[in-house]
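Below: one structure, written as structure tokens.
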Amino acid sequence: MNCKICGKEIAESRYITDVLCSENCFEKNFWNEIIAERDKYIIINNTCYRDGGKTPGNYFKGFGGRRFYIRFFDGREITTDNLWCQGDIPEEYQNTLKNEAEFYYPEEKLIKTKGGANH
Ligand SMILES: [Zn+2]
């Protein structure tokens, strides 16, 4: 069999899902798959996240169910309590997987915080 990424011939793959020769090729394959399904992921500060969306009942949620507010550079805003971190994007992929959003705190919350102080 041959490595899916570099084509090197190997006796066996220690990865279940794909034939891959090394940790390095495993990582390349991981990021290639993210690029292939780009719209499922959110890139913030060179870190890749995925919004797991709504999960029924007691399923595990990303970041223990912590709520995140995300604003895309095009103005779209989303909020999720099921965000999953996919890892830091290696330098060689940062040109392809560009930052596209930032975390923010919703305005109501900021106003409430500010309201407590006397000016
Ligand atoms: Zn390889």
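Because the structure is a prediction, the values reported are computed rather than measured. Quick note: numbers below take in every heavy atom, side chains included, and nothing from hydrogens, waters or symmetry partners. First listed ligand is number 1; within each ligand, the first listed atom is number 1.
Distances from the Zn ion (ligand 1) under 2.8 Å pick out these protein N/O/S atoms: Cys3 SG, Cys6 SG, Cys21 SG, Cys25 SG.
Taking 4.0 Å as the cut-off between side-chain N and carboxylate O, Glu100 and Arg38 count as a salt-bridged pair.
Partners of Asp81 according to the side chain to side chain contact (heavy atoms under 4.5 Å, CB included) rule, which considers only residues two or more places apart in sequence or in another chain, are Lys61, Arg67.
A heavy-atom distance below 4.5 Å is not found between the side chains of Glu33 and Thr17. Glu23 is listed as a side-chain neighbour of Tyr15, based on a closest heavy-atom distance under 4.5 Å.
Checking side-chain atoms of Thr79 against main-chain N and O of Phe68 turns up a donor-acceptor pair under 3.5 Å.
In plain terms, the two heavy atoms of Tyr104 and Arg71 that are nearest each other are CD1-NH2, 3.3 Å.
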